[in-house]
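For reference, the structure is listed below as structure tokens.
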Amino acid sequence: MTNDHTDNEVQQNVTTPNPQQLIEHKHRNAGCGSSRTQSRDNSARDLRCGLDWLFSKQSQAGHRLPARTLRRRCELMWSLWPPVPLVDEVHHVVHVDGIHLHRDAVVLIAVAGGHVIGWHVAKSEKAAAWQCLMARIAPPDVLVCDGGGGVLKAAKAMWPDTRIQRCLFHVQANILEPAGRRPRLEAGGRLRRVALSLPRVGDAGGAAEWLVSYNRWEQDFASFLDEKSEYADGSVNDMHQRLVKARRMIRRRIREGQLFTFLDEGLASVGPVPSTNNLVESWNARLRDMLRRHRGLRLVRRLKAICWWCHQHTAHPETDAWLAANAMTDERLERLYRQAWERSPQGQYETFGTPARYGTGIDWNDFHTRVEWQSND
């Protein structure tokens with residue numbers, strides 16, 4: 001009897017709560033996270049998936065993922081710009097070169113110690129573009145370059161104490177261009193042999209022999225190169241213009257003293273100095289292979305592909321999670337360019353109607369009219 005009475009009391013006390021009580025209980029326990037949907041950040045995974053595909057030899061059709069899924073995962077990679085490192089370490093030798101995307105753009109690349117240490121996207125290889133690249137790199141002991149496109153002018157301004165080593169293969173190509181691959185004249189044939197022996201110079205004795213061979217060529221064909229052609233209008237030009245151009249160029253290279261910098265004993269005591277730019281040229285070939293495997297990309301994606309390749313080949317690239325959270329986005333980059341344009345004199349005038357600076361805000365036609373200038377005074 002007692003047990004039955006107790007069971008009835010328990011059944012009366014245990015009542016089913018109404019829906020309003022359940023809602024209040026859910027809100028009270030919301031802090032524990034049991035009633036929330038936990039989101040998962042897959043941005044780092046998507047970025048790594050895109051980079052692995054970009055650096056691989058697989059096409060979209062040959063990838064393990066469906067093409068649509070692969071394109072969706074690559075969207076993050078195509079929306080970011082990898083950060084360029086700030087190099088404060090002084091390197092002994094730095095190689096620089098530019099990889100051109102036809103005539104649309106160029107990516108200037110700096111390599112040292114087997115790693116990429118900097119890159120810069122520009123319209124062309126002007127001195128201002130090279131200065132932007134060199135501004136983030138500590139001045140090295142030696143700069144190895146091909147010497148074209150304003151790099152020497154930029155190095156003189158940014159790295160005045162850095163020694164220059166001209167790539168001997170590029171100098172050889174510059175000599176062979178006017179001499180020709182199959183010269184018919186004896187002077188052209190001799191000059192071609194002189195050019196082919198230049199990259200084989202390996203010591204001070206070889207450099208002296210090369211200079212002697214060139215001086216002998218110039219003396220043997222001095223009268224031949226000085227021959228002139230007279231035209232009916234009275235003008236006089238060199239009869240052998242291509243060979244004269246080669247002679248002028250070689251004289252300038254010898255006078256600059258940048259052909260045999262790698263033979264300097266003081267520099268060699270710190271570390272070897274290469275005579276060619278083969279290191280960065282081989283890396284440029286790998287970049288072109290990557291673009292060839294993924295041909296069909298528009299210009300901005302080709303530029304980003306090169307920048308991502310350079311970033312992943314630095315000494316200490318950032319992690320995928322850091323890049324996904326902190327890399328420069330297209331929207332942020334566009335906003336920075338817009339702010340820079342609005343702060344410029346021309347941008348302030350076109351955007352806000354602000355008058356130009358003194359001396360540039362008056363129309364030329366105001367002082368060159370057919371009628372007398374009417375003053376308000």
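Computation of the quantities below employed the complete heavy-atom set of this structure, encompassing side-chain atoms and omitting hydrogens, waters and symmetry-equivalent molecules.
The backbone N or O of T329 sits nowhere less than 3.5 Å from a side-chain atom of S79 that would complete a donor-acceptor pair. Put simply, the side chain of R48 never gets that close to the backbone of D320: no donor and acceptor are under 3.5 Å apart. No donor-acceptor distance shorter than 3.5 angstrom exists from the side chain of H311 to the backbone of P82, with no hydrogens or angles considered. Of the possible polar contacts, none joining the Q258 side chain to the I164 backbone as a donor-acceptor pair under 3.5 Å is found. Of the possible donor and acceptor atoms, one in the side chain of W217 sits under 3.5 Å from a partner among the backbone N and O of A187. Between the side chain of W210 and the backbone N or O of V194 there is at least one donor-acceptor pair closer than 3.5 Å.
Looking at residues two or more places apart in sequence or on another chain, you find no ring-ring contact (aromatic ring centres under 6.0 Å, His included) involving H91. Residues satisfying the salt bridge (Lys or Arg N to Asp or Glu O under 4.0 Å) test with E186, not counting sequence neighbours, are none. For D289, the side-chain contact (heavy atoms from CB on, under 4.5 Å) partners at least two apart in sequence or on another chain are R292, R293.
What you find for A195 and P199 is that their closest heavy atoms are O-CD, 3.5 Å. Shown here for C145 and L152, the closest heavy-atom pair between the two residues is SG-CD2, 4.0 Å. Scanning both residues, P85 and R136, for their nearest heavy atoms gives O-NE, 3.4 Å.
Residue pairs meeting the side-chain hydrogen bond (donor to acceptor under 3.5 Å, both in side chains) criterion with at least one member in residues 192-208, sequence neighbours excluded, do not occur. Every pair passing side-chain hydrogen bond (donor to acceptor under 3.5 Å, both in side chains) that includes a residue from residues 97-120 is listed here, sequence neighbours excluded: D97-N284, H100-E125. The ring pair (Phe, Tyr, Trp, His ring centres under 6.0 Å) analysis of residues 270-301, with sequence neighbours excluded, yields the pairs W53-H294, W283-W309.
T162 places none of its side-chain heavy atoms less than 4.5 Å from the side chain of V94. Using a 4.5 Å heavy-atom cutoff, the side chains of R286 and F55 are not in contact. Between V93 and Q165, every side-chain heavy-atom pair lies at or beyond the 4.5 Å cut-off. Taking 4.5 Å as the limit, every side-chain heavy atom of V144 sits out of range of all side-chain heavy atoms of T261. Within the 4.5 Å cutoff, side-chain heavy atoms of L47 are placed close to those of W308. Counting heavy atoms from C-beta on, the side chains of L191 and P178 never come closer than 4.5 Å. For the pair L243 and P183, the minimum side-chain heavy-atom distance is 4.5 Å or more. In this structure, P83 and L323 have side chains that are in contact, with non-hydrogen atoms separated by less than 4.5 Å.
Under a hydrophobic-cluster definition in which Ile, Leu, Val, Met, Phe, Trp and Tyr are linked whenever side-chain heavy atoms come within less than 4.5 Å, directly or via other members, F260 and I250 are assigned to the same cluster. L267 and L279 are members of different hydrophobic clusters when ILVMFWY side chains are connected at heavy-atom separations under 4.5 Å.
No salt bridge links R166 with D146; every basic N to acidic carboxylate O contact stays at or beyond 4.0 Å. A salt bridge does not link R72 with E75: none of the charged nitrogens is closer than 4.0 Å to a carboxylate oxygen. Under the 4.0 Å criterion applied to side-chain N and carboxylate O atoms, E334 and R338 are not assigned as salt-bridge partners. Comment: K304 engages D330 in a salt bridge, judged by a side-chain N to carboxylate O separation of less than 4.0 angstrom.
Counting non-hydrogen atoms of other residues, nucleotides and ligands closer than 6.0 Å to NZ of K228 gives a total above 12. Within 6.0 Å of the CD atom in E227, the count of heavy atoms belonging to other residues, nucleotides or ligands exceeds 12. Summarising the local packing, CZ of R252 is surrounded by more than 12 heavy atoms from other residues, nucleotides or ligands at distances under 6.0 Å. The number of heavy atoms from other shown groups lying within 6.0 Å of CD (E342) is above 12.
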Step-by-step side-chain contact (heavy atoms from CB on, under 4.5 Å) determination, W159 to I137 | CA-CA 10 Å; W159 298 342; I137 303 174; 3.9 Å; yes
From CA spacing to verdict: side-chain contact (heavy atoms from CB on, under 4.5 Å), H63, Q60 | CA-CA 5 Å; H63 199 270; Q60 293 187 15; 5.9 Å; no
Take V171 and L259, measure what side-chain contact (heavy atoms from CB on, under 4.5 Å) needs, and give me the verdict at the end.
-> CA-CA 9 Å; V171 177; L259 290 178; 3.9 Å; yes
Decide yes or no on side-chain contact (heavy atoms from CB on, under 4.5 Å) for V201 and S275, but give the supporting numbers first.
-> CA-CA 9 Å; V201 174; S275 61; over 6 Å; no
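Results of the side-chain hydrogen bond (donor to acceptor under 3.5 Å, both in side chains) test with H95 over N277, N278, T276 single out N277 as the only residue that passes.
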